[in-house]
Amino acid sequence: MRIVPTRLYGAVVHSSVFLGASTIAEVFVASALAGITPNAALVVGFLITIGIYNFDKLADLDADAENYAERTAFVASHPRLYAACSVVVVAVALWLAVRYGGVYALGLTLFPGVVAAFYTVPLVPFSSVDRLKDVFLVNTATVSLAWAVPVAFIPLAVAATAPEYAAGAAVAAGWFFLRSAISVEVHNVRDVTGDARNGVETLPTVVGVRRTQLSLYGLELVSLGLVSGAAWVGVVPAWAPVALLPSVAYSTWITHALTGSSRSVERLCTLRDGEGVLMAVGVAVVAAAVGTGGALA
């Protein structure tokens with residue numbers, strides 16, 4: 001018996017609402033690392049994530065049929081609804097960005113959409129490749145950068161432009177770049193068969209799943225080291241490494257479980273997408289325990 005009904009699971013996960021909720025958590029964490037109180041950036045992150053991921057799913061229906069059979073079937077059954085909802089949520093996200101953060105926030109909100117266009121659509125003017133999605137390692141770095149930048153800096157644009165917040169936001173950007181890179185490669189493990197057949201070069205298709213896992217373990221240490229070092233010099237709150245440690249342990253377990261258990265890789269990837277929620281819980285609990293509320297004193 002499934003804990004979550006199949007239709008409800010599809011509606012939440014395949015509609016990108018789950019990813020949007022995770023983005024809310026990530027924006028909250030980025031704000032806390034920079035010392036910024038929660039603001040309208042939470043809603044902007046939620047809406048723009050839903051819109052961009054839904055457009056990406058619609059654009060890649062044929063290419064994703066093998067790697068994401070369940071998702072493709074769900075999206076293909078509601079193409080007009082997907083497109084309409086995506087247009088609405090993106091429009092609202094952009095309006096909120098301009099309303100609360102001006103042109104700077106607007107540019108940051110548009111950033112992942114512009115990057116997604118070059119990632120998914122054949123716009124790259126090279127004879128050997130026409131999409132960033134098809135370039136080894138550049139594909140991972142592109143996705144990671146597309147989300148790390150707005151997650152870390154939209155809160156800064158909306159609520160606090162003072163210089164003392166910028167360093168913390170930069171650390172948050174680095175943290176989420178590394179976390180996103182890990183997430184992308186975990187998903188690439190799931191897609192390794194289809195990617196290899198379609199000629200898409202990813203870390204698992206080039207170096208194998210086992211070496212990919214070892215590489216991801218290294219990135220886990222680097223990301224934790226980044227936050228620990230930043231906390232040591234006072235750029236982010238001293239409690240930050242402790243608050244984020246459970247999410248690193250959780251992510252490491254998922255990477256190990258890709259080959260170390262009989263669990264569905266599809267479900268493991270869904271669990272990986274929820275890492276931001278665990279980060280937010282850790283930050284909220286630890287910050288409350290030390291009496292800062294997640295903001296700089």
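Keep in mind that this is a model prediction, so the values were computed, not measured. In what follows, residues are counted from 1 in the order of the sequence shown. When reading the values below, keep in mind they use all heavy atoms of this one structure, side chains included, and skip hydrogens, waters and symmetry mates.
With sequence neighbours left out, Ile24 forms a side chain to side chain contact (heavy atoms under 4.5 Å, CB included) with Leu42, Phe46. In this structure, the side chain to side chain contact (heavy atoms under 4.5 Å, CB included) partners of Leu145, at least two apart in sequence or on a different chain, are Phe111, Val149, Phe177. For Ser247, there are no side chain to side chain donor-acceptor pair (under 3.5 Å) partners at least two apart in sequence or on another chain. Checked against side chain to side chain donor-acceptor pair (under 3.5 Å), Trp147 has the following partners two or more places apart in sequence or in another chain: Tyr53. With sequence neighbours left out, Thr252 forms a side chain to side chain contact (heavy atoms under 4.5 Å, CB included) with Tyr217, Glu220, Val248. Taking the side chain to side chain donor-acceptor pair (under 3.5 Å) definition, one finds that Thr140 meets it with Glu185, sequence neighbours left out. Remark: Asn39 engages no residue in a side chain to side chain donor-acceptor pair (under 3.5 Å) (not counting sequence neighbours). By the salt bridge (Lys or Arg N to Asp or Glu O under 4.0 Å) test, Glu275 pairs with Arg179, Arg272, sequence neighbours left out. Partners of Tyr100 by side chain to side chain contact (heavy atoms under 4.5 Å, CB included), not counting sequence neighbours, listed by chain and number: Ala40, Leu96, Val158.
Legend: side chain to side chain donor-acceptor pair (under 3.5 Å) pairs involving residues 85-99, not counting sequence neighbours: none detected. Listed by first and then second residue, the salt bridge (Lys or Arg N to Asp or Glu O under 4.0 Å) pairs that reach into residues 24-44 come to none, sequence neighbours excluded.
Note that OG1 of Thr23 is 10.5 Å distant from CG of Leu47, once rounded to the nearest 0.5 Å.
Under a hydrophobic clustering in which Ile, Leu, Val, Met, Phe, Trp and Tyr are joined whenever their side-chain heavy atoms come within less than 4.5 Å, directly or via other members, Val43 and Val151 fall into the same cluster. Under the 4.5 Å side-chain heavy-atom criterion for ILVMFWY residues, no single connected hydrophobic cluster contains both Val281 and Phe28.
Side-chain atoms of Thr255 come within 3.5 Å of backbone N or O of Ser251 as a donor-acceptor pair. With Ser144 contributing its side chain and Ala181 its backbone, the two residues share a donor-acceptor pair below 3.5 Å. Remark: the backbone N or O of Glu201 is paired with a side-chain donor or acceptor of Asn139 at under 3.5 angstrom.
Val206 belongs to a hydrophobic cluster with Phe136, Leu137, Leu203, Val207, counting contacts under 4.5 Å between side-chain heavy atoms of Ile, Leu, Val, Met, Phe, Trp and Tyr, direct or through other members.
The two residues Val236 and Gly168 come nearest to each other via the heavy atoms CG1-CA, 4.2 Å.
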